[in-house]
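Let me begin by presenting the structure, written as structure tokens, before commenting on it.
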Amino acid sequence: MASTITESLVDAKDEARQAEVRTDISEAVNGFERRMVQVAFWIIGWTTALVLGAAGLIISVLR
């Protein structure tokens, strides 16, 4: 009976460790995804600013 309790505790500890690892991995993936979204918005913002600036210059030169 003592070995059954010990095995159950070991199994519970293993499951807890696995859950922590899964949580850490999911948090890392979420952080990476958030960063990629930020980079994408940054690229879109700068591209838009450059296109509008170029269009403004072209319009001002052609007038």
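- Phe41 and Val39 are assigned to two separate hydrophobic clusters, defined by single-linkage of ILVMFWY side chains at heavy-atom distances under 4.5 Å.
- Legend: residues meeting side chain to side chain contact (heavy atoms under 4.5 Å, CB included) with Ile25, ordered by chain and number and at least two apart, are Val21, Val29.
- Taking each heavy atom of Arg22 and Glu15 in turn, the nearest pair found is NH2-O, 4.5 Å.
- To the nearest 0.5 Å, the span separating CD on Glu20 from CD on Gln18 amounts to 11.0 Å.
- Interatomic distance, CG of Asp14 versus CG of Leu9, reported as 11.0 Å (0.5 Å rounding).
- When every heavy atom of Thr48 is checked against every heavy atom of Ile44, the shortest pair comes out as OG1-O, 2.8 Å.
- Inter-residue side-chain proximity for Val37 and Arg34 is flagged as unmet; no heavy-atom pair is nearer than 4.5 Å.
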